[in-house]
Amino acid sequence: MAESPITILQRQRALLQTEYAYEKEEFQRLTEATGVERKVQRGVAWYPLTLGRSYHNSLDQLVVEVKPLSSSPREDSMSYGKDKEHHSLAALLPTGEAGRGDEPSLFEPGKPVCFFSQDASGDRHGTGGMLHYYKFVGQVSYVEENRMVIALPSPDALEQIRNAYRLGVQLYLDEQTYRLMFEALDDVINAKSGRLADLREMFHSTLPCGKFTFAPVRFPWLNTSQQAAVNEVLWAKDVAVVHGPPGTGKTTTLVEAIYETLRRENQVLVCAQSNMAVDWIAEKLVDRGISVLRIGNPTRVTDKMLSFTYERRFEGHPLYTELWGIRKAIRDLYASKNGSSENRHQKIARLKDRATDIEYAINQAIFSDAKVIACTLAGSANHLLMGMKFGTLFIDEAAQALEAACWIAIRKAHRVILAGDHRQLPPTIKSPEAMRGGLDKTLMQYIVENKPKAVSLLTVQYRMCDTIMQFPNREFYDGQLTSAPEVKYRGILDWDTAVEWVDSSQVEAEEPGESGESASGLSRINVAEAKLTIATLQRYFEKIGKDRLQEERVDVGIISPYKGQVHLLRKLIKQDKYWKPFRSLITVNTVDGFQGQERDVIVISLVRSNEQGDIGFLRDLRRMNVAITRARMKLILIGDRSTLCKMPFYKRLADYVDETW
């Protein structure tokens, strides 16, 4: 007997509670037992800081600018072992930027942060002195390479950190998002009737979806599968899924579906799990000529992005100057000692009433002008959207979102359109127990299983040459994809092979058995393979030629599943003068860092090399699907065949490469 929808959601809630408890414990450990240097290297802290200017932003929040001062991490000692792949070494990794870590910063707008200071007995690395954590929580308002703007809860908080000795800031546990997810699940579980209860029963059962029956709309600029997907979205009464494998134009299709929906509805809600994904779809909607209102803080703040954020629209309204003056007058009255207390309170009350009226008028104008409200799933609970309902909710990158997060937004919608690819990266789950229990199974996966007729697969891909595409096509998409004619046979060199595997098992390490554990955590490196990776790319560059590389801007992605290997590869490129003319063409990152991107050439360093055939999380084949499908014209795999081919997937991949050679 099939599980009831309520039972499934109750289990999801219990697993989410497990994940929450695990993350709280990890945060506690990070705060109490992890040194400042390691926090900085892991990208979760900036230390030491200098404070910049403070001011009130357009939302009347008190904010302060912070910048990192110079800080160099100490090198850890080296230990030795037998395998070629190792836990990464601080000594082998590059020194971080001033006050910043080796790993990419994990700070982004909207995330909570806490400040800490170190007493005078410590050194500039954060070692020795006691750390003192301030009891208030701030929120990142804006962040760039070496500057961050943080919203503070009160003027008193600003005074506390202004007087601090050796100030630092670190990420705080995001309890707000968990609270929103728990609330959403409770609402769905407890719904007795109404649209929310209907959608719950629909999504977690085999009940048939409702469909409209009007004639299909033609879109000559889209291919056949894209046209079909847009029409399925328009016909859906309850739910539709746009399944977009790599390079198949999912965003193009989704934008067209939103545009056509807006010919039938006045306003829609568009969400995604991350700020970056929201910004990407929002930009494409703006390019299509659609009026977008971006709620929340965009990650990549460009002039184009700012023009459709709520904050910029608010500041640009003709009434804003008057509102700013009233807010300043209120702050001055609070600080003033002149006149009686009663008179000041009366003046403040009158000014607050006027400010409320102006804010209401500005918001009415802003929201009535917007056709699309764009925000993260958690951002859909923003107070600005309180009480609002939408005919249609679009969730992009739905395969990367926890089900609980989706329900935050679904509560506001009558019907739901999901877009993404459940064969690519899943949601990030930190608790092994929650992972084993199935917390990573998304709402999109449930609907794909329960409602196959609601799924539209995009089948024509425009990114990879056919040789690169065919293996993931066979492994992940049942052979249903075809390459567009314009990309099918393209390549960089004549008589080149689009896919090759350079076997690192025979490479002897120049320094025997470099191994150890870095301050940045338990990541892995393979020094010999890293050097082989760089040497292999250099040989390929020499075949292409320097002039052609620069004239045609041939771009390259070097991918490794392990952060330690990513850092080592970056260091090797930075140290070698050969790469100086080409550094702007090369990106080195993890698989997750390349999600949604593509390059002419992709080189993948697989790292794992041991006699036991232990390949760790390389067993997550969805990550390998992402890595392989980033390449347009050339894919080079660097890895130990004898280790990896003990798993059937990698044996099939190696055999496929041999077939195409």
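Values in this document were obtained by computation on a predicted structure and should not be read as measured data.
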* To do: Give me the ring orientation class for Y578 and F582: parallel if the planes are under 30° apart, tilted from 30 to 60°, perpendicular past 60°.
  =>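 Tilted: the ring planes of Y578 and F582 meet at 30° to 60°.
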* Asked: Should the pair H422 and H243 be assigned to parallel (<30°), tilted (30 to 60°) or perpendicular (>60°) ring geometry?
  ->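 Rings of H422 and H243: tilted, 30 to 60°.
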How long is the gap from [atom1] on [X] to [atom2] on [Y], to the nearest 0.5 Å?
{"X": "I604", "Y": "I636", "atom1": "CD1", "atom2": "CD1", "value": "10.0 Å"}
{"X": "I573", "Y": "K580", "atom1": "CD1", "atom2": "NZ", "value": "15.5 Å"}
{"X": "T629", "Y": "N473", "atom1": "OG1", "atom2": "CG", "value": "11.5 Å"}
{"X": "T251", "Y": "D396", "atom1": "OG1", "atom2": "CG", "value": "5.5 Å"}
{"X": "E108", "Y": "M148", "atom1": "CD", "atom2": "CE", "value": "12.0 Å"}

* **Backbone N/O of V626 and side chain of R630: donor-acceptor pair under 3.5 Å** =>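 Between the backbone of V626 and the side chain of R630 there is a qualifying donor-acceptor contact (under 3.5 Å).
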* **Test of ring centre spacing under 6.0 Å for Y22 and F27** =>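 Ring centres of F27 and Y22 not closer than 6.0 Å.
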Quick one about [Y] and [X] (side-chain donor to acceptor, distance below 3.5 Å, no hydrogens or angles considered), yes or no?
{"X": "Q597", "Y": "R599", "result": "yes"}
{"X": "D640", "Y": "S642", "result": "yes"}
{"X": "S505", "Y": "D503", "result": "yes"}
{"X": "S483", "Y": "R463", "result": "no"}
{"X": "Y178", "Y": "E23", "result": "yes"}
{"X": "E175", "Y": "Y20", "result": "yes"}
{"X": "S605", "Y": "E529", "result": "yes"}
{"X": "Y477", "Y": "N625", "result": "yes"}
{"X": "R608", "Y": "Y562", "result": "yes"}
{"X": "E403", "Y": "Q445", "result": "no"}

Carboxylate-amine/guanidinium proximity below 4.0 Å for [X] and [Y]:
{"X": "E144", "Y": "R147", "answer": "yes"}
{"X": "K634", "Y": "D496", "answer": "yes"}
{"X": "D555", "Y": "R632", "answer": "yes"}
{"X": "D466", "Y": "R490", "answer": "no"}
{"X": "E397", "Y": "K250", "answer": "yes"}
{"X": "E542", "Y": "R539", "answer": "no"}
{"X": "R622", "Y": "D421", "answer": "no"}
{"X": "K441", "Y": "E449", "answer": "yes"}
{"X": "R652", "Y": "E475", "answer": "yes"}

* Take atom CD of E26 as the centre, draw a 6.0 Å sphere, and report whether it contains more than 12 heavy atoms from other residues, nucleotides or ligands. =>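 More than 12 within 6.0 Å, yes.
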* Asked: Taking atom NZ of K646 as the centre, does the number of heavy atoms from other residues, nucleotides or ligands within less than 6.0 Å exceed 12?
  ->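 Yes, because the 6.0 Å sphere around NZ of K646 holds more than 12 heavy atoms from other groups.
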Can you see which heavy atom on [X] is nearest to which on [Y], and at what distance?
{"X": "T18", "Y": "S431", "value": "CG2-OG, 3.7 Å"}
{"X": "G437", "Y": "L15", "value": "O-CD1, 3.3 Å"}
{"X": "M464", "Y": "A631", "value": "CG-O, 3.0 Å"}

* Asked: Is the NZ or CZ atom of K577 positioned over W579's six-membered ring, under 6.0 angstrom from the centre and within 45° of the axis?
  ->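 No, cation not above the ring by the 6.0 Å, 45° rule.
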* Cation-pi between K651 and Y656: NZ/CZ under 6.0 Å from ring centre and within 45° of the ring axis? ->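 Verdict for Y656: no cation-pi partner in K651.
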* Given V603, V601, V556, the one that forms side-chain contact (heavy atoms from CB on, under 4.5 Å) with I586 ->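 Among V603, V601, V556, the one meeting side-chain contact (heavy atoms from CB on, under 4.5 Å) with I586 is V556.
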